[in-house]
Structure formats: C-alpha cells, structure tokens
Amino acid sequence: MKENNTVFFKKGAADGIAIAVGYMPVAITFGLIAGATGLSVVEAVLMSMIVFAGAAQYMALSMIALGSGALEIVLATFIVNLRHLLMSASIHEKAEKGSKGVRSVYAFGMTDEVFAVASAKPAPIRSFYIIGVGAVAYGSWVGFTGVGFYMGSFLPLILQESMAIALYALFIALLVPSIKKDGKMVIILAGMGGLFHSLFALFLSTGWSIMFATILAVMLYEGMERLLGVKGELKENENREEEEKASCQ
C-alpha cells in the first residue's frame, strides 16, 4: 500500500512541475512586493506557508499598504477564498475515500491550479496523487517567495509588474483541455455566472457577488441537468411501453 502511495505521489509531483514553474515568477513578484510593503522576510515567507493563496495574499498586501486593520484583512481574504469550498466539494466527490488526516493535507494545498490538474483525472482520484501535485506547487510558492524578497534591489519595476500575469496565463493553459472536452458545459456555466455576477454586483461587493453568482450558476445548471435527465428517462420508459404494447398486439 505504501509503495502504491509513493508511486501516485511521484506521478502527482511530476504533474505538479508545470504549476511550480508557473508559480515561480508570481511568487518572486509577491516576495518583491512584500518587501516593498514593509514586511520582513520571515513575515513574507510565513504568509506564503500559512495562507498559500496567491490572489488573497496580493490583496492582503494592498490592504496592509493602505493601513487596513487585521480583522478587515482576514474577512476580505476569507471572502476571496470562499471558492475553495466549491473546489473542495468537487474534489471530494471524485477522490478516493481516505482518512480525515489525509484529506485535510490535500485540502490545504487545493489551489485553483492544483484543482485544475487533479480534477482532470478520472475518478477515483488517488489521495497521494493530489498531495504530490500540491506539495510541488507549495514548495515552489514558499521557496520563491523568499527568493523574490531578496531580489527586490536587482529587478527593475517594469519587470516586476510584468510577472503578475503569469498566474492567470498558467490557469488558462491548464483549463484548455477541460474546455475542449466539456466546452458546452463551460460556456453555459460561464454565461450564467457572468449574468448573475452582473446582477449581484449592483448591491454586493465583488467577493460576495462572485461567490453567490458561482453557487447559483452551478445549482441551476445541476438542476437543469437532473430535470432533463428525468424527462429523458420518462420519455424512454414511455417509448419502451409503447414498443411492448405494439409487440403484444
């Protein structure tokens, strides 16, 4: 069993290298900005070790620079990271059954990119595969945060700013295979999510509007899928009954 776990961990680690490479410039940029914001190298690295969420960490830095309070920063990053509940729920449905300890380990490392790589695998996804993907990504993010902190005095500002788009480019690249496979579903969900977000944004903050739009879009899509599935089954049953009656006559 341990041997199998090691094999799956190595496979996950190998697949996580692409994420690690993509995280490198983004983590370096975070370290650079953290130093410019006034954080020490210990504080910057600890934030990456404990939070491990790129968008939330960047937002936290901007709020620290503006002098926001600790409670405001915690609540804001909590709202930004609410999407992880949806990702965790999705992975939980596809992952193999395991102990709570093992699940808590890979749940901690469930970033957008780790989710994209892991969810592309057929069910049941092995727990140690997910841990392998997350471990390599985590090591890259934490390590290059420290590297970036010490590079602040060497890189020009224009290069620092250009690195910020790397994370989004990486995520898009990881999603392309899934979009090719389930393009219709992705387009429908994206359209519904965009429409609901536009409505919620009229009276809610960006974080809440994105969260509620995502939940509502997924719930409605799932509801439509089940409704159409039930109707399809009823139609098949009716056709079967008619064929049986015709054969009896």
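Across all their heavy atoms, P25 and V21 have their closest contact at CD-O, 3.3 Å. Between A20 and V136, the shortest heavy-atom contact is CB-CG1, 3.6 Å. L32 and M151 make their closest contact through CD2-C, 3.4 Å (heavy atoms, listed as atom of the first residue, atom of the second, distance). Nearest heavy atoms, A137 versus V114: CB-CG2, 4.1 Å. In terms of heavy atoms, A60 sits closest to M47 at CB-CE, 4.5 Å. Considering all non-hydrogen atoms of both residues, A27 and S140 come closest at CB-O, 4.3 Å.
In this structure, T29 OG1 and Y58 OH are separated by 4.5 Å, a value rounded to the nearest 0.5 Å. Taking CE from M192 and CE from M219, the interatomic distance works out to 10.5 Å, rounded to the nearest 0.5 Å. Separating the CD atom in Q57 from the CD1 atom in I50 is a distance of 10.0 Å, to the nearest 0.5 Å. The CZ atom of F200 lies 5.0 Å from the CG atom of L216; values are rounded to the nearest 0.5 Å.
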TODO: Test side chain to side chain contact (heavy atoms under 4.5 Å, CB included) on F149 and V45 and set out the steps.
DONE: CA-CA 9 Å; F149 186 93; V45 173; over 6 Å; no

TODO: Take I130 and M110 through the side chain to side chain contact (heavy atoms under 4.5 Å, CB included) test and state the conclusion after the steps.
DONE: CA-CA 8 Å; I130 306 174; M110 191 57 61; 3.7 Å; yes

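Less than 6.0 angstrom separates the ring centroid of Y138 from the ring centroid of F52.
In this structure the side chain of V26 never reaches within 4.5 angstrom of the side chain of F144, judged on heavy atoms.
L220 and L195 fall into different hydrophobic clusters, defined by Ile, Leu, Val, Met, Phe, Trp and Tyr side-chain heavy atoms under 4.5 Å apart, directly or through other members.
Remark: side-chain polar atoms of Y129 are not paired, donor with acceptor, to backbone N or O of A118 under 3.5 angstrom. Side-chain atoms of T145 come within 3.5 Å of backbone N or O of W141 as a donor-acceptor pair.
Within the structure, no pair that satisfies the salt bridge (charged side-chain N to carboxylate O under 4.0 Å, His left out) test touches residues 37-63, not counting sequence neighbours.
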